[in-house]
Amino acid sequence: SQTIHQWPATLVQPVGSPLSLECTVEGTSNPNLYWYRQAAGRGLQLLFYSVGIGQISSEVPQNLSASRPQDRQFILSSKKLLLSDSGFYLCAWRDNTEAFFGQGTRLTVV
Amino acid sequence: ELKVEQNPLFLSMQEGKNYTIYCNYSTTSDRLYWYRQDPGKSLESLFVLLSNGAVKQEGRLMASLDTKARLSTLHITAAVHDLSATYFCAVYLSGTYKYIFGTGTRLKVLA
């Protein structure tokens with residue numbers, strides 16, 4: 001069966017520091033992959049999605065970037081974090097019919 | 001730009017009561033999803049609705065889809081405390097690979 005791993009679960013980073021969040025999927029090949037962000041008490045905002053290795057689509061201009069160096073690996077990065085980058089980051093993968101989410105990373109920028 | 005709106009945003013209800021959450025979306029789509037999120041947790045898939053008129057039920061929850069009206073409903077029957085959570089609908093934009101989420105409905109069931 002397919003599983004999705006996301007880490008770390010919790011992260012506290014100072015303003016201006018770099019960020020790297022990793023997401024990997026097992027048990028499937030060539031999945032569509034997604035990064036979402038959820039601000040406290042809010043809905044989910046689509047940040048990036050990828051339909052293949054090296055193929056990244058960005059939804060909103062922001063302080064973040066994404067990369068897909070391997071088929072089942074999706075990385076969210078920032079060179080310099082802002083306070084407004086705080087939130088709950090969720091990675092997801094899609095099969096033929098629906099999206100499945102990782103456990104999320106709660107990022108607090110201080 | 002696709003907009004997905006849910007109402008109500010907040011819902012406080014007594015155990016044993018019935019209620020409906022509505023999800024309206026602004027463009028054509030034949031795939032709609034409902035997710036549940038508990039505080040501090042990720043999203044759990046509840047229902048996948050893939051065609052006009054689709055109806056699915058699981059326990060006290062029933063979801064339906066009317067693609068012509070661009071409306072989905074999540075009906076709660078005889079609510080129990082364990083249903084307290086935030087519920088999201090999401091629309092899949094065919095040909096774009098995107099899932100766009102609604103604003104969420106925070107449900108609190110009072111004992």
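Chain letters run A, B, ... following the sequence lines, proteins first and then strands; every chain starts at 1. Here the structure is a predicted model, which is why all the values come from computation and not from measurement. Values below: every heavy atom of this structure, side chains too, minus hydrogens, waters and symmetry copies.
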_Student check: side-chain heavy atoms of Phe88(B) and Gln38(A) closer than 4.5 Å_ = yes
*Is there a path from Ile75(A) to Leu33(A) through hydrophobic residues (I, L, V, M, F, W, Y) whose side chains come within less than 4.5 Å of each other?*
no
*Check whether Leu11(B) and Tyr87(B) end up in the same hydrophobic cluster, where Ile, Leu, Val, Met, Phe, Trp and Tyr are linked by side-chain heavy atoms less than 4.5 Å apart.*
yes
*chain A contact via Glu44(B) - side chain, backbone, both or neither, heavy atoms under 4.5 Å*: neither
*Among Val48(B), Leu9(B), Thr86(B), Leu43(B), which has the most heavy-atom pairs under 4.5 Å with chain A?*
Leu43(B)
*Below 4.5 Å from any heavy atom of chain A, which atoms of Leu50(B) appear? Answer side chain, backbone, both or neither.*
side chain
*Would you indicate whether the side-chain heavy atoms of Leu44(A) and Ile100(B) approach each other to under 4.5 Å?*
no
*Under a single-linkage definition using a 4.5 Å side-chain heavy-atom cutoff for Ile, Leu, Val, Met, Phe, Trp and Tyr, are Phe88(A) and Leu11(A) assigned to the same hydrophobic cluster?*
no
*Answer with yes or no whether the hydrophobic clustering places Ile21(B) together with Leu83(B); edges join I, L, V, M, F, W, Y residues whose side-chain heavy atoms lie under 4.5 Å apart.*
yes
*From the options Tyr36(A), Phe100(A), Phe101(A), select the one residue that forms a ring pair (Phe, Tyr, Trp, His ring centres under 6.0 Å) with Tyr35(B).*
Phe101(A)
_Is any side-chain heavy atom of Glu59(A) closer than 4.5 Å to one of Lys98(B)?_
yes
_Parallel, tilted or perpendicular: which one describes the rings of Tyr34(A) and Tyr99(B), with boundaries at 30° and 60°?_
perpendicular
*For Arg106(B), does the CZ atom sit with more than 12 other heavy atoms under 6.0 Å from it, leaving out its own atoms?*
no
_Partner chain B: residue of Asn32(A), Thr97(A), Leu46(A), Leu90(A) with the largest heavy-atom pair count (under 4.5 Å)_ = Thr97(A)
*Would a 4.5 Å heavy-atom cut-off, applied to side chains only, mark Tyr92(B) and Glu98(A) as touching?*
no
*Are any side-chain N or O atoms of Tyr49(A) and backbone N or O atoms of Thr96(B), one a donor and one an acceptor, separated by less than 3.5 Å?*
yes
*Is it true that Leu81(A) and Trp35(A) fall in one hydrophobic cluster, defined by side-chain heavy atoms closer than 4.5 Å?*
yes
_Main-chain N/O of Gly43(A) paired to Thr103(B) side chain as donor or acceptor, under 3.5 Å_ = no
